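Treat the numbers as computed from the prediction; the structure is a model and nothing was measured. Below, read A as the first sequence line, B as the second, and so on, with proteins coming before strands; counting in each chain starts at 1.
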Amino acid sequence: MAIRLYNTLTRQKESFQPIDEGKVKMYVCGPTVYNYIHIGNARPAIVFDTVRRYFEYRGYDVHYVLNFTDVDDKLIKAANEMGEGVTEIANRFIQAYKEDVGALGVKEAVDHPRVTENMDEIISFIQGLIDKGFAYASDGDVYFRTRSFDSYGKLSHQSIDELRSGARIEVGDKKEDPLDFTLWKEAKPGEITWESPWGTGRPGWHIECSAMAKKYLGDTIDIHAGGQDLTFPHHENEIAQSEAHNDKSFARYWMHNGYINIENEKMSKSLGNFILAHDLVKQHDPQVIRFFMLSVQYRHPINFSDELLKGAKSSFERLRNAFENVKHRKDSSLDLTENNDKWLQEIESHKQRFVEEMDDDFNTANAISVLFDLAKSANLYLQESQTHSRVLTAYEETMKELMGVLGLEIEKVEELLDEEVEALIEERKQARKDRNFERADQIRDELKERNIILEDTSQGIRWKRG
RNA sequence: GGCGGCAUAGCCAAGUGGUAAGGCAGAGGACUGCAACUCCUCGAUCACCGGUUCGAGUCCGGUUGCCGCCUCCA
């Protein structure tokens, strides 16, 4: 069975066919690093990290590239406001990005190219477009001649004339046509600049991705991904640049994730209604945030609120509990080779269902529902009067494996309790034995205050963090 | 104006022709000294109207409401 994914270009789900057998060349548009990212920026990071993990799970070698836009208007503005250099700010927020997104379980990209480190490639790419007549220099700027690219609009499914009617005509424009977009921008006094054949300046926004995708992945890549709002104009322009320049199809599959809304309104840096991932991971378990993001199909919008996160926490707890229940029971299980095929088969069929759901355009919402079914199955098995370590191990390993595909870490780090707490738990144990329930409850309440929850099971006392 | 998306139980959310997955919250029961965990039981005229079909949440047409892109934006 092949993996099927929704391709924005064709507006339908297609079977994934790699350019090179067993390999995936994937380019994801990364952040402009002038601030901490908000949770809307975190969604593509998480979603496409999950796509990558799933491809890897299915045996593909994924060349995952995520760029950093480290020079543009907003960065220059931020630099002026903070009285710092553009490079310093970019460095700081790239570091912050990696930390925040890392906390959310996102793996490092294979390559993290930066605009400022690929200036030669960008400049020669622009020159190539000029040489072929797709671009022109105009008084220090360079523009892409949009009408010269015949299939312009194929990604956003708009005809060039439809776009024309919506385009803003700038006063005193250096453009031949309002639809033309900037490849190179002449520097204003005091701005960070690079030398080029057209004078000092810096690249426009779209050209970086065309140049860097080519450099790191080649002329044609398998998957190009990003937020839905990048479809037009960013990705449309990338296609125009790359295909005009390389004479080859740019990307076979285009994936776009839906937005995160706050109170049903789009969240964005420019609207000011954003929640920083940097803050959120301190207030909530990052695993729960990731779980929440994946509980909705990636192309659909997610509405965000503390209340919804709280619900996600409860849901996630259920999976964690099942996992801990299984682990806890292993100590008292038998190691007999008895006929437990029924349970082992059940585990296997859950695994298959999980794969089927993920194969269908990375339907994490359904994949998660399979995890709940698996948890249920495990809990039912635990109802058996006698359990077997072989089956318990299978449950444990499978849960860990499938959660891992989603980038979720179900196994909590073994934490040690301090001596005082240990002593209290011991004391409570004795108190219960003595049927001194008043004292036992007192201790349980006390520990709860410290965020340690005790559970008395037939296999002994368990504790967990609240 | 052009392009597109969404509307499923109190909440979240799957489901592209065959009599509505899953989770949270809530109610009752079992287990427990009491809890917690867990198990059992309980919930939907799928926005509205019409059509196609033996059969539609699912296809077609229309209506209403919400949202996004067309300008920097994940």
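- Taking a pair to require two hydrogen-bonding distances under 3.5 Å in either a Watson-Crick or a G-U wobble arrangement, B:C31 remains unpaired.
- Regarding contacts with the backbone of B:G4, a side-chain N or O of A:R11 is found under 4.0 angstrom from either OP1 or OP2.
- Taking the C1' atoms as reference points, B:C46 lies 7 Å from B:A20, given to the whole Å.
- In the interface, the side chain of A:D161 is not paired with the base of B:G2 through any donor and acceptor atom under 3.5 Å apart.
- For the P atoms, the distance linking B:U58 with B:U45 amounts to 16 Å, nearest Å.
- Crowding of A:E307 atom CD: a count of heavy atoms from other residues, nucleotides or ligands under 6.0 Å not exceeding 12.
- Residue A:K429 places its NZ atom among 12 or fewer non-hydrogen atoms of other residues, nucleotides or ligands, all under 6.0 Å distant.
- Closest of all the heavy-atom pairs between A:K13 and A:R299 is CE-NH2, 4.0 Å.
- Residue A:R428 contributes atom CZ, which lies 12 Å from atom P of B:G33 at whole-angstrom precision.
- Counting any heavy atom pair closer than 4.0 Å across all strands shown, A:Y259 reaches a base atom.
- Atom NE2 of A:H224 and atom C1' of B:A74 are 12 Å apart (whole Å).
- For the salt bridge (charged side-chain N to carboxylate O under 4.0 Å, His left out) with A:D285, the lone residue among A:R320, A:R290, A:K313, A:R465 that qualifies is A:R320.
- For A:N261 against B:C66, a side-chain-to-base donor-acceptor contact under 3.5 Å is absent.
- Taking the side chain of A:E455 as heavy atoms from C-beta on, and the options B:A35, B:U38, B:G33, the nearest nucleotide is B:A35.
- Base pairing analysis places B:U53 opposite nothing; no Watson-Crick or G-U wobble pair with both distances below 3.5 Å involves it.
- Taking 4.0 angstrom as the limit, A:K448 places none of its side-chain polar atoms (N or O) nearer than this to OP1 or OP2 of B:A36.
- Note on A:K313: nothing from the nucleic acid sits closer than 4.0 angstrom, heavy atoms only.
- B:G26 sits 10 Å from B:G43 when the C1' atoms are compared, rounded to a whole Å.
- Between A:Y36 and A:H278, the ring planes are parallel. Angles under 30° get that label, and only those over 60° would be called perpendicular.
- Among the heavy atoms of the strands lying under 4.0 Å from A:N321 are primed sugar atoms or P, OP1, OP2 only; no base atom is included.
- Base pairing of B:G4: its partner is B:C67, meeting the Watson-Crick or G-U wobble criterion (both donor-acceptor distances under 3.5 Å).
- Under the 30°/60° scheme for interplanar angles, the aromatic rings of A:H256 and A:W254 are found to lie parallel.
- Judged by atom type and distance alone, A:R444 reaches the base of B:A35 through a side-chain donor-acceptor pair under 3.5 Å.
- Residue A:Q158 contributes atom CD, which lies 14 Å from atom C1' of B:U71 at whole-angstrom precision.
- B:G10 and B:C37 have their C1' atoms separated by 25 Å, with the value rounded to a whole Å.
- Within the 4.0 angstrom heavy-atom criterion, no nucleotide atom of any strand lies near A:L382.
- Residue A:I37 is classed as having no contact, given no heavy-atom separation below 4.0 Å to the nucleic acid.
- No more than 12 heavy atoms of other residues, nucleotides or ligands shown are found within 6.0 angstrom of CD on A:E438.
- Atom CD of A:E449 has 12 or fewer heavy atoms from other residues, nucleotides or ligands within 6.0 Å.
- In terms of position along RNA chain B, the nucleotide closest to A:K464 lies nearer the 5' end than the nucleotide closest to the other residue of the pair A:G258 and A:K464.
- A side-chain donor-acceptor contact under 3.5 Å links A:N321 and A:K464.
- Remark: C1' of B:C69 and CD of A:Q228 are 8 Å apart, rounded to the nearest angstrom.
- Distance, A:H328 NE2 to B:A36 C1': 12 Å, rounded to whole Å.
- Side-chain N or O atoms of A:Q297 include one that pairs as donor or acceptor with a backbone N or O of A:D361 at under 3.5 Å.
- By the 6.0 Å contact criterion, NZ on A:K107 is enclosed, its count of non-hydrogen atoms from other residues, nucleotides or ligands being greater than 12.
- Residue A:G40 is in base contact, counting any heavy-atom pair closer than 4.0 Å across all strands shown.
- Aromatic ring orientation, A:F144 versus A:F181: parallel (interplanar angle below 30°, classes split at 30° and 60°).
- To the nearest angstrom, P of B:A74 lies 14 Å from CZ of A:R43.
- Separating the C1' atom of B:G18 from that of B:A27 is a span of 33 Å, rounded to the nearest Å.
- Taking atom CD on A:Q459 and atom P on B:A36, their separation rounds to 18 Å, with Å as the unit.
- Contact annotation: A:N379 side-chain N/O to B:C39 OP1/OP2 distance is under 4.0 Å.
- Although no hydrogens or angles enter the test, the distance criterion places no donor-acceptor pair under 3.5 Å between the side chain of A:T182 and the main chain of A:W184.
- Residue contacts shown for A:N257 include a base, since a base heavy atom lies under 4.0 Å away.
- Annotation: proximity of residues 294-308 of chain A to RNA chain B (heavy atom, distance under 4.0 Å) is found for A:S295, A:V296, A:Q297, A:H300, A:L308, numbered in ascending order.
- The P atoms of B:G22 and B:G15 are separated by 15 Å, rounded to the nearest whole Å.
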Tabulate atom names and distances for all N/O pairs under 3.5 angstrom spanning the protein and nucleotides 22-24 of chain B.
unit_1: B:G23; atom_1: O2'; unit_2: A:S315; atom_2: OG; d: 2.3

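- Across all strands shown, A:D72 has no heavy atoms under 4.0 Å from either base or sugar-phosphate atoms.
- Taking the P atoms as reference points, B:U19 lies 44 Å from B:C34, given to the whole Å.
- As rounded to the nearest Å, B:U16 and B:C60 have P atoms that lie 14 Å from one another.
- Atom pair A:L230:CG and B:U71:P shows a separation of 14 Å (rounding to whole Å applied).
- Residue-to-nucleotide proximity on RNA chain B shows that, of A:R462 and A:R432, the 5′-proximal contact is made by A:R432.
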